[in-house]
Amino acid sequence: MDYKDLANLIFPDAKPIEVYEKMYPERNLPDGAIVTRFAPSPTGFVHIGGLYQALCAKLVANRTKGVFFLRIEDTDQKREIENGIEGIISSLKDFDVEADEGMISEDEWKGEYGTYKQSSRKDIYQAYAKYMIELGKAYPCFCSPEDQEELRKKQENAKIRPGYYGVWAKCRNLSIEEMAEKIKAGEPYVVRFKSPGREDRKVQCHDLIKGKVVFPENDMDIVIIKSDGLPTYHFAHLVDDHLMRTTHVIRSDEWLSSLPLHVQLFSEAGFKAPKYCHISPIMKNDNGNKRKLSKRKDKEAAVSYYSEIGVPPDAVKEYLVNIANSNFENWRRANKDAKIEDFEFQLNKMSVSGALFDMVKLLDVSKGVISRYSAEEVYNESLKYAEKYDPKLKKMLDNKEYSMKVLGIERGNNKPRKDISKWSDVRENIIYMYEKPTEYDFDKITGDEVKKVASEYLKVFDINDDKQMWFDKMKDTAEKCGYAREVKEYKSEPEKWPGHVGDISTAIRVMISGRRNTPDLYEIIKVLGKDEVIARLEVFAK
RNA sequence: GGCCCCAUGGUCAAGCGGUUAAGACAUCGCCCUUUCACGGCGGAGACAUGGGUUCGAUUCCCGUUGGGGUCACCA
């Protein structure tokens with residue numbers, strides 16, 4: 001009996017790998033094209049870090065005329081979640097980070113290298129596991145969880161490195177006949193990789209982001225096929241990325257330490273290893289400690305959070321690219337209207353250490369993104385947000401013609417207003433354009449003086465005045481009330497007046513809007529209309 | 001604990017042996033014919049630490065400290 005017989009005994013129905021090698025040939029792509037992927041587990045939840053990876057992958061694949069595909073890694077049935085795949089696909093769609101190929105629904109896919117769902121690729125993994133057994137590079141292991149627990153304890157007590165390796169790998173030394181016998185007797189088993197590595201030797205691996213990394217060789221006989229017949233991550237990675245002809249594996253940092261294993265796996269299987277890019281995770285400051293954004297503790301970890309607070313997807317992407325390639329910021333300044341996709345994104349410019357997530361900066365980026373929107377876009381996006389999350393805003397926006405005017409104030413010029421950083425800001429931002437203020441935040445001028453200002457201004461107010469005329473009348477009112485016409489005059493001799501035209505206009509601003517900080521008063525008055533303005537002023541004139 | 005990675009202002013970061021150590025966010029002034037926002041100008045603010053190597057180290061090497069990752073039939 002030889003390895004081939006053993007392989008046949010374990011996987012009698014598995015096809016020879018040539019079948020798959022032929023079915024999924026090398027891709028015919030231009031030189032330098034990068035084939036990469038986003039390979040999440042279908043928990044339905046897309047982490048901001050996942051989006052970050054996917055975005056980097058897509059950017060770099062598209063830029064090189066390569067392929068970005070979506071593979072679902074669902075080999076752990078315990079973690080399975082209803083509609084998990086749909087959740088991922090729709091999140092990617094929301095951010096316009098859609099894959100060129102891969103899963104497009106729970107069980108449909110596009111592309112020539114499918115299926116892209118690991119749970120449906122059992123036959124393929126088994127074919128390759130069989131191949132490994134034939135080569136004598138994998139073997140069945142009959143150790144029970146209890147056996148392994150015992151092994152671990154023994155190693156711990158002896159203070160030696162725990163794990164299934166070398167002399168501790170009991171089953172690797174079973175004879176083929178013994179193995180066959182146990183299989184025939186129906187003993188449960190897993191398939192393990194027979195590692196040729198030695199812990200006292202070093203391997204050098206290259207990572208496109210981290211650079212040169214040196215590890216002890218892997219000597220663990222890791223499980224490649226679990227007792228349920230599905231592969232572990234490591235083996236699925238080997239088979240899938242080989243067969244899907246991935247050139248660059250872009251994945252999270254936490255995989256870095258299994259790099260020696262993966263490199264060894266590719267080498268032992270006789271396949272060309274992809275290039276690796278390990279991305280540092282996005283961190284959060286938690287009481288002075290850095291830690292990964294956590295799905296459970298941090299609301300901002302979920303990509304869905306950003307649509308809930310109304311940060312446009314573009315802004316989130318822009319922020320993320322910002323973290324990834326810090327030269328993006330300069331590029332953006334020089335290319336205000338260009339698409340993110342046109343930016344020459346580079347993997348090797350990514351930071352080796354994890355960045356702290358900075359909501360303030362995100363909102364600043366978002367502010368810039370929204371300031372470039374037209375009034376119509378702001379209207380449409382606010383409306384979409386309102387329909388989902390803010391009924392009161394929705395009601396306001398129902399008057400489209402008026403709302404467009406409101407949202408168009410100081411917008412569309414070369415110094416557009418930047419006061420909206422998320423759609424959830426909009427209602428508070430413009431509410432006074434829809435209803436009379438209920439509170440008034442007066443500053444310097446109060447009481448009787450307010451009355452005086454209101455009545456003086458009402459005497460001259462004309463909705464049809466042009467801006468210059470309007471402003472001149474503001475100055476006239478200031479003078480009438482005993483205030484300086486010009487700010488400069490006042491500043492040179494501040495003892496001469498109680499204040500200047502700015503104080504007067506602020507008072508009027510407050511009467512009209514309730515607040516001291518608004519966009520251009522002249523435009524507000526124009527949009528509000530004669531009757532409303534007069535009505536609001538009259539409240540104080542009486 | 002073993003192994004691995006990392007370390008520049010509050011945050012994100014340029015920098016690759018000789019620099020007045022960029023820039024962005026945040027912060028603080030001033031300016032922009034009224035507020036706010038925008039924009040402009042300016043201020044404050046950093047190379048974790050100890051040893052080497054070198055004529056010279058933020059940059060290279062080693063130790064220390066600190067942070068992070070990883071040690072599964074989870075991915």
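What you see is a predicted model; the values in this text were computed from it and never measured. So that the names make sense, note that chain A is the first sequence line, chain B the second, and so on, each numbered from 1.
- Taking atom P in both A7(B) and C61(B), the straight-line distance is 11 Å, to the nearest Å.
- Residue R417(A) places a side-chain atom within donor-acceptor reach of the base of C36(B), judged by atom type and a 3.5 Å distance cut-off alone.
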All N/O contacts under 3.5 Å from nucleotides 42-44 of chain B to the protein, with atom names and distances to one decimal?
none

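- Comparing C25(B), C73(B), A75(B) by their closest approach to the side chain of D76(A) singles out A75(B).
- Between S195(A) and D219(A), the side chains place no donor N or O within less than 3.5 Å of an acceptor N or O (distance only, hydrogens not considered).
- Separating the CZ atom in R161(A) from the CD atom in Q155(A) is a distance of 8.5 Å, to the nearest 0.5 Å.
- F215(A) comes within 4.0 angstrom of sugar-phosphate atoms only, judged by non-hydrogen atoms across all strands, and of no base.
- Counting non-hydrogen atoms under 4.0 angstrom, V213(A) reaches the backbone sugars and phosphates but no base.
- With C73(B), A13(B), C6(B) as the candidates, the nucleotide lying closest to the side chain of V223(A) is C73(B).
- Put simply, the side chain of Y276(A) does not reach to within 4.5 Å of the side chain of H206(A), judged on heavy atoms.
- For G9(B) and A21(B), the C1' atoms lie 11 Å apart once the distance is rounded to whole Å.
- Comparing the same atom, C1', in A22(B) and in G15(B) gives a spacing of 8 Å after rounding to whole Å.
- Contact check, S351(A) against A13(B): a side-chain N or O comes under 4.0 Å of OP1 or OP2.
- In this model, the phosphate group of A75(B) is approached by a side-chain N or O of K226(A) to a distance below 4.0 Å at OP1 or OP2.
- Looking at heavy-atom distances under 4.0 Å, T75(A) makes contact with sugar-phosphate atoms alone, never a base.
- In this structure, the separation between CD1 on I504(A) and CE on M474(A) is 9.5 Å, given to the nearest 0.5 Å.
- Residue V214(A) is in sugar-phosphate contact alone, with no base atom involved, counting any heavy-atom pair closer than 4.0 Å across all strands shown.
- The side chain of K418(A) sits closest to A37(B) out of A37(B), C74(B), A14(B).
- At the heavy-atom level, M220(A) lies nowhere under 4.0 Å from the strands shown.
- Heavy atoms of C143(A) sit under 4.0 angstrom from at least one base atom.
- Here the nucleotide nearest the side chain of K78(A), chosen from A13(B), C74(B), A75(B), is C74(B).
- Residue K480(A) qualifies as open at atom NZ: its count of foreign heavy atoms under 6.0 Å is 12 or below.
- You'll find that the side chain of S257(A) is closest to G69(B), out of G67(B), A75(B), G69(B).
- Among the atoms of the strands shown, none is found under 4.0 Å from any heavy atom of Q77(A).
- Considering only the side chain of K367(A), A26(B) comes nearest among A26(B), G23(B), C74(B).
- Across A26(B) and A44(B), the matching C1' atoms stand 13 Å from one another, rounded to whole Å.
- The local environment of CD in E82(A) is sparse, with at most 12 non-hydrogen atoms from other residues, nucleotides or ligands closer than 6.0 Å.
- In this structure, K290(A) reaches the sugar-phosphate backbone alone: every heavy-atom distance under 4.0 Å involves primed, P, OP1 or OP2 atoms, never a base.
- The V190(A) side chain lies nearest to C73(B) when the options are C73(B), U35(B), A13(B).
- The side chain of K210(A) approaches C5(B) more closely than any other nucleotide in the set U33(B), C5(B), C73(B).
- Listed by chain and number, the residues in a side-chain contact (heavy atoms from CB on, under 4.5 Å) with L528(A) are Y402(A), M433(A), I512(A), I524(A), E532(A), V533(A), R536(A) (sequence neighbours excluded).
- Residue K488(A) is in sugar-phosphate contact alone, with no base atom involved, counting any heavy-atom pair closer than 4.0 Å across all strands shown.
- Comparing the C1' positions of C5(B) and G42(B) gives a spacing of 40 Å, expressed to the nearest Å.
- Note on E199(A): nothing from the nucleic acid sits closer than 4.0 angstrom, heavy atoms only.
- Residue contacts shown for S227(A) include a base, since a base heavy atom lies under 4.0 Å away.
- Under 3.5 Å, the side chains of D425(A) and S421(A) contain a donor-acceptor pair of N or O atoms.
- Here the closest non-hydrogen pair linking F266(A) and A273(A) is CD2-CA, 3.6 Å.
- Residue N289(A) places its side chain closer to G68(B) than to any other of C25(B), G68(B), C38(B).
- Residue R333(A) is classed as a sugar-phosphate contact, given heavy-atom separations below 4.0 Å to backbone atoms only.
- Nucleotides C32(B) and C38(B) are separated by 11 Å at their C1' atoms, to the nearest Å.
- For E254(A), whose side chain is taken as the heavy atoms from C-beta onward, the closest listed nucleotide among C12(B), C3(B), G69(B) is G69(B).
- Proximity of Q148(A) to the phosphate of C73(B): a side-chain N or O atom is located under 4.0 Å from OP1 or OP2.
- Note: H242(A) and Y128(A) have perpendicular aromatic rings, judged against thresholds of 30 and 60 degrees for the angle between ring planes.
- Remark: the separation of the P atoms in A48(B) and C30(B) is 35 Å, to the nearest Å.
- Distance D419(A) CG to C36(B) P: 14 Å, rounded to the nearest Å.
- Nucleic acid contact class of S280(A) (heavy atoms, under 4.0 Å, all strands): none.
- Within 6.0 Å of atom NZ in K170(A), 12 or fewer heavy atoms from other residues, nucleotides or ligands are found, so the atom counts as exposed in its surroundings.
- Not a single donor-acceptor contact under 3.5 angstrom links the side-chain atoms of T518(A) to the base of C36(B).
- For M469(A), the CE atom is loosely surrounded, since the number of other residues' heavy atoms within 6.0 Å does not exceed 12.
- Between N322(A) and R509(A), the residue anchored closer to the 5' end of RNA chain B is N322(A), taking for each the nucleotide with the nearest heavy atom.
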- line: Given Watson-Crick and G-U pairs under 3.5 Å, RNA chain B in dot-bracket ([ ] crossing, | other strand) is ((((((((.[[[..)..(....]]].(((((.......)))))....[[[[[..)....]]]]])))))))....
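- Contacts of K202(A) with the nucleic acid, taken as non-hydrogen atoms under 4.0 Å apart, involve only primed sugar atoms and P, OP1 or OP2.
- The separation of G23(B) from A46(B), taken at their P atoms, amounts to 15 Å, rounded to a whole angstrom.
- Ring-plane geometry between Y319(A) and F357(A) is classed as perpendicular, the angle between the planes exceeding 60 degrees on a 0 to 90 degree scale with a lower cut at 30.
- Position along RNA chain B of the nearest nucleotide to P416(A) versus R79(A) favours P416(A) as the more 5'-ward residue.
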